[in-house]
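Report on the structure given below.
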Amino acid sequence: MDTKYQFSQHESRLYTFWEKKGVFRATLSGKEPFCIVFPPPNANADLHLGHAMYVFEDIMIRYKKLAGKEAFWVAGADHAGIETQYVFEKHLKKQGKSRYDYPREELFTMIWDFVMQNRETMENQLRKLGFALDWEKKKFTMDPDIVTIVYKTFKHMFDKGLVYRANRLVNYCTSCGTSFSDLEVVAKDIQGKLYHIAFPLVDGGTITVATTRPETFFGDVAIMVHPKDKRYTQYVGKKAHIPLTDREIPIIADAYVDMKFGTGAVKVTPNHDFNDFEIAKKHKLQYNSIIGFDGKMQNTHVVDGLRVKKAREVVLQKLEEKGLLVKVEDHDMTVRTCYRCGTVLEPLPKKQWFVSIKPLASKAIALVETGKIKIHPSRFKKQLISILDNFIDWNISRQIVWGIRIPAYRCVNKSHKGNENWFASVEKPNKCAICGTCAFEQDEDTFDTWFSSSQWPFATLQTISDTENDYFSAFYPTTVMETGYDILRAWVARMIMVGYFETETIPFQHVYLHGMVRDAKGQKMSKSKGNVINPLDIIEQFGADALRGALVFGTKEGGDVVLSQDKIRAMRNFANKIWNIGRFIQMNDDKRAPMQHPKQTQDILADLQDEFTALEKQYHRDHKAYRVGKPFDMLYEFIWHRFADYYIETLKEEMRVGNAETCSAMRRVYLGCLKMLHPYLPFVTEAVWQEYHGKETSILQERFMC
RNA sequence: GAGCCUGUAGCUCAGUUGGCUAGAGCGUUUCGUUGACAUCGAAAAGGUCACUGGUUCAAGUCCAGUCAGGCUCACCA
């Protein structure tokens with residue numbers, strides 16, 4: 001054995017060996033199943049530390065394999081709709097092109113090829129982490145059989161009235177060219193302004209309205225005051241002119257208005273403000289949109305064709321000239337921005353598909369509350385319930401090409417009314433399902449990525465199965481869903497709702513959440529701060545085990561992980577220590593001389609055995625309780641500071657002369673430690689194991705003695 | 001505004017159901033070691049466990065409050 005553990009000489013060799021040997025392969029053995037569906041990474045980018053955190057899954061999977069269970073870690077990748085299209089459009093931009101330069105099919109094919117390339121890169125990067133994924137059964141969210149399942153789910157929902165089409169205000173990004181659900185909106189605090197604008201009354205005089213968005217008054221349908229506001233009682237029922245135009249709007253009263261804010265008089269712009277939309281509906285007031293999906297003004301006859309920001313400047317200037325701009329004050333406010341590109345989102349009215357959440361959420365809440373689905377750590381249980389409680393109807397339509405096209409078809413036969421001309425179909429229809437004519441067209445939109453993701457646990461297992469091999473029955477409900485706490489809302493909550501809807505059982509028994517990776521100072525990593533650590537660099541420099549160890553050592557379940565170079569180096573040293581302990585035992589083990597040893601030694605060996613047995617017990621107890629990180633800390637402490645620093649140092653002479661009893665006792669404890677350590681540091685443990693047992697053996701073929 | 005979390009050694013963090021002189025990594029000081037490992041070993045310094053009060057034979061650990069910081073959600077035009 002080398003004097004040092006040379007990780008670079010072992011890691012890729014061992015991974016290839018594992019794959020060839022099939023130790024990651026799950027079979028229908030009938031043994032007790034343990035299944036984790038891997039959160040499918042986006043197939044559009046390189047590995048980052050967020051992915052490395054899935055090491056907790058690898059630990060569970062490898063532990064269960066060693067515990068003799070049939071452990072199945074389902075590999076997959078996500079098409080990541082908007083994310084991917086956004087990345088791809090940036091590529092196009094570099095070539096001076098845009099998505100509008102290509103017909104739909106061509107653009108789709110281009111992105112498909114792009115994704116397939118990236119996907120392979122990503123998968124190879126995951127291999128570097130040592131993940132024991134069953135690659136032979138890997139799935140992709142746009143595999144045809146997965147798509148069919150997504151279609152079926154949509155149809156079921158459609159048939160049960162759980163998806164509906166509605167004209168609503170949606171969060172629309174005029175830069176990305178698509179709408180989003182409320183979860184993809186990022187609120188940003190800004191220093192804005194509150195403009196006081198005088199609206200001329202038809203009967204003479206003016207009424208002053210306070211607004212943060214002066215440019216939108218072209219779309220107003222009313223001015224609204226509080227019914228009890230004495231300042232304005234006389235105006236209610238009268239009419240005012242929209243400035244710069246001759247359009248007249250009524251002055252109405254509604255208790256929604258806060259008398260203390262601004263001037264107590266509010267303009268109502270239904271097509272461009274969520275609250276106003278509701279109010280206008282209540283008062284049955286309507287007007288055209290004055291902002292288009294391209295982010296430009298329309299229907300104003302004053303600033304048409306201008307972008308919103310420019311339009312505001314022009315409008316303010318014109319108001320100023322007419323003496324209608326009464327006052328401008330600073331005003332702290334929050335704007336909704338696109339999580340993807342940061343553009344301020346426009347609320348715009350659009351016909352979209354929505355999922356009715358209430359019926360789904362109430363079932364999901366029951367599953368969590370009754371403990372059918374257990375949450376680790378438990379503090380996230382409350383959070384999950386409150387998330388489900390407050391879930392609003394889910395907009396699943398996206399106006400992008402890269403995604404699963406919504407299998408909704410509209411009959412163009414004019415005899416159908418309203419929404420009754422829509423039908424859903426899993427197979428591509430050749431005639432209208434409503435009236436039997438051939439005149440229909442498919443919705444242009446694609447699904448929100450999370451719509452397919454929410455079906456991932458059952459969609460993967462169902463499509464992996466065939467008539468002879470029923471992995472679905474064997475492994476569903478899956479055992480654990482492990483992911484970052486940041487996607488509890490976007491993913492976990494939805495998987496429970498949709499999973500239960502479609503399979504009438506829970507998608508997983510346990511939810512295990514891990515934290516976010518932070519830098520040495522506890523700060524979030526971000527490109528702008530320049531503190532991003534690339535996991536591939538670390539693996540290159542210190543080895544995968546060092547990275548894995550650093551992510552697990554000294555962290556508690558669900559807590560954020562502080563990653564520093566020091567910690568990584570310390571873990572590299574630990575791997576080396578393990579190697580060298582093995583080396584020392586190995587080199588003396590050969591001598592094996594039966595001989596008497598002093599009573600003192602026997603006592604020490606007995607102590608060692610006691611300590612080791614206690615450690616083993618605690619180790620398995622922690623794993624049972626989903627305390628996945630802690631056993632590693634204990635092993636570190638035991639192996640280094642007890643086993644090496646104390647026991648080996650004390651018994652060193654006897655080992656050197658090759659006392660058989662001592663040597664075999666040390667060897668036994670050491671190998672036991674390797675097994676327990678293997679889920680955490682798979683490479684170094686396997687490398688040593690092979691030094692002892694031969695290059696064709698794997699520690700994963702061993703079993704715990706418990 | 002609502003909810004959640006955190007506050008332990010110079011720094012970053014562990015500390016399961018309350019129980020022996022409070023731990024780790026890195027850093028600091030001293031010493032050692034050239035046949036397991038310098039990616040090493042021995043030893044040391046360093047903490048009123050944010051503060052206050054309470055429960056208890058016993059509290060870093062439970063309860064209440066205060067202060068400080070963080071995260072998430074919802075927000076008045």
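Sequence lines set the chain letters: A, B, ... in the order given, protein chains first and strands last, and positions in each chain run from 1.
In this structure, A:Phe180 has its ring center under 6.0 Å from that of A:Tyr339. Between A:His226 and A:Phe261, a ring centre-to-centre spacing not shorter than 6.0 Å is recorded. Aromatic ring centres of A:Tyr63 and A:Tyr619 lie closer together than 6.0 Å.
Distance from the side chain of A:Phe553 is smallest for B:G25 among the nucleotides B:C75, B:G25, B:C26. The side chain of A:His331 approaches B:A77 more closely than any other nucleotide in the set B:C4, B:A77, B:C40. The side chain of A:Lys382 lies closest to B:C4 when the candidates are B:C4, B:U16, B:C40. Comparing B:U16, B:C76, B:A14 by their nearest atom to the side chain of A:Phe261 picks out B:C76. Nearest nucleotide to the A:Lys556 side chain, out of B:A14, B:C73, B:A77: B:A14. Of the candidate nucleotides B:A77, B:C37, B:U16, B:A77 has the atom nearest to the side chain of A:Thr211. The side chain of A:Val562 lies closest to B:C13, out of B:C13, B:C76, B:A24.
Taking only side-chain nitrogens and oxygens, A:Asn390 never comes nearer than 4.0 Å to OP1 or OP2 of B:C73. In terms of phosphate contacts, A:His641 brings a side-chain nitrogen or oxygen within less than 4.0 Å of OP1 or OP2 of B:G25.
Comparing the C1' positions of B:G47 and B:G15 gives an interatomic distance of 14 Å, to the nearest angstrom. Nucleotides B:C76 and B:G65 are separated by 33 Å at their C1' atoms, to the nearest Å. One P atom belongs to B:G69, the other to B:U30, and the distance between them is 39 Å to the nearest Å. Across the C1' atoms, B:C51 and B:A44 are found 32 Å apart, a figure rounded to whole Å. Nucleotides B:C62 and B:C5 are separated by 11 Å at their P atoms, to the nearest Å. Between B:G53 and B:U16, the distance separating the two P atoms is 25 Å to the nearest Å. The same atom, C1', is picked in B:G41 and in B:C37; the two are 10 Å apart, to the nearest Å. The separation of B:A9 from B:A22, taken at their C1' atoms, amounts to 10 Å, rounded to a whole angstrom.
For A:Asp519 and A:Tyr636, each mapped to the nucleotide of RNA chain B holding its nearest heavy atom, the one lying further toward the 5' end belongs to A:Asp519. When the nearest nucleotides of RNA chain B are assigned to A:Met259 and A:Ala575 by heavy-atom distance, the more 5′-ward of the two goes with A:Ala575.
In this model, a side-chain donor or acceptor of A:Glu649 finds a partner on the base of B:A36 within 3.5 Å. Between the base of B:C37 and the side chain of A:Lys577 there is a donor-acceptor pair shorter than 3.5 Å. With hydrogens and angles left out, the side chain of A:Thr334 and the base of B:C75 share a donor-acceptor pair within 3.5 Å. Not a single donor-acceptor pair, N or O on each side, falls under 3.5 Å between the base of B:U39 and the side chain of A:Arg569.
Residue-level contact check: A:Ile648 touches the bases, meaning some heavy atom is under 4.0 Å from a base atom. Within the nucleic acid shown, A:Arg489 comes within 4.0 Å of sugar-phosphate atoms alone, with no base atom in reach, counting heavy atoms only. Nucleic acid contact class of A:Ala570 (heavy atoms, under 4.0 Å, all strands): sugar-phosphate only. Within the 4.0 angstrom heavy-atom criterion, only backbone atoms of the sugar-phosphate kind lie near A:Gly554; the bases stay farther away. No engagement by A:Asp486 is indicated, since no non-hydrogen atom pair under 4.0 Å with the nucleic acid exists. Residue-level contact check: A:Arg379 touches the backbone only, with heavy atoms under 4.0 Å from sugar-phosphate atoms and none from bases. Within 4.0 Å of A:Asp276, counting heavy atoms only, lies no atom of the nucleic acid at all. Counting non-hydrogen atoms under 4.0 angstrom, A:Ser564 reaches nothing in the nucleic acid. Note on A:Asp566: only backbone sugar-phosphate atoms sit closer than 4.0 angstrom, heavy atoms only; bases stay farther off.
Going from atom CG of A:Asp560 over to atom P of B:C13 covers 9 Å, rounded to whole Å. For the pair A:Asp633 CG and B:A14 C1', the computed distance is 6 Å after rounding to whole Å. We find that CZ of A:Phe574 is positioned 15 Å from P of B:A24, with the value rounded to whole Å. Note: CG (A:Leu651) to P (B:A36) measures 14 Å, nearest angstrom. Per the geometry, CD1 belonging to A:Ile639 stands 20 Å off P belonging to B:A36, to the nearest Å. Between A:Lys630 atom NZ and B:U17 atom P there is a gap of 10 Å when expressed in whole angstrom units. In this structure, the CD atom of A:Glu329 is 13 Å from the C1' atom of B:C76, given to the nearest Å. With rounding to whole Å, A:Glu557 atom CD is found 16 Å from B:C13 atom P.
Look at B:A68: its Watson-Crick or wobble partner, with both distances under 3.5 angstrom, is B:U6. Across all strands shown, nothing is found opposite B:U21 as a Watson-Crick or G-U wobble partner with both distances under 3.5 Å. As the counterpart of B:G41, B:C31 is assigned, both hydrogen-bonding distances of the Watson-Crick or G-U wobble pattern falling under 3.5 Å. If you check B:A14 for Watson-Crick or wobble pairing at under 3.5 angstrom, you find it has no partner at all. Under the Watson-Crick or G-U wobble criterion, with both distances below 3.5 Å, B:U55 is left unpaired in every strand shown. Under the Watson-Crick or G-U wobble criterion, with both distances below 3.5 Å, B:G60 has no partner in any strand shown. Under the Watson-Crick and G-U wobble criteria, each requiring two contacts below 3.5 Å, nucleotide B:A36 is left unpaired. Using the Watson-Crick or G-U wobble rule with both distances under 3.5 Å, B:G46 pairs with nothing in any strand shown.
Classified by interplanar angle (parallel below 30°, tilted 30° to 60°, perpendicular above 60°), the ring pair A:Tyr5/A:His10 is parallel. Aromatic ring orientation, A:Trp491 versus A:Trp450: tilted (interplanar angle from 30° to 60°).
The distance from atom CE of A:Met333 to atom OG1 of A:Thr212, rounded to the nearest 0.5 Å, is 4.0 Å. In this structure, CE on A:Met481 lies 7.0 Å from OG1 on A:Thr483, to the nearest 0.5 angstrom.
Put simply, the side chain of A:Asn271 gets close to the backbone of A:Tyr287: a donor and an acceptor are under 3.5 Å apart.
Look at A:Lys282 and A:Asp254 and you find a salt bridge, because one of the NZ, NE, NH1 or NH2 atoms lies within 4.0 Å of a carboxylate O, short of that distance.
Residues A:Phe380 and A:Val492 form no side-chain contact, since every pair of their non-hydrogen atoms from C-beta on lies 4.5 Å or further apart.
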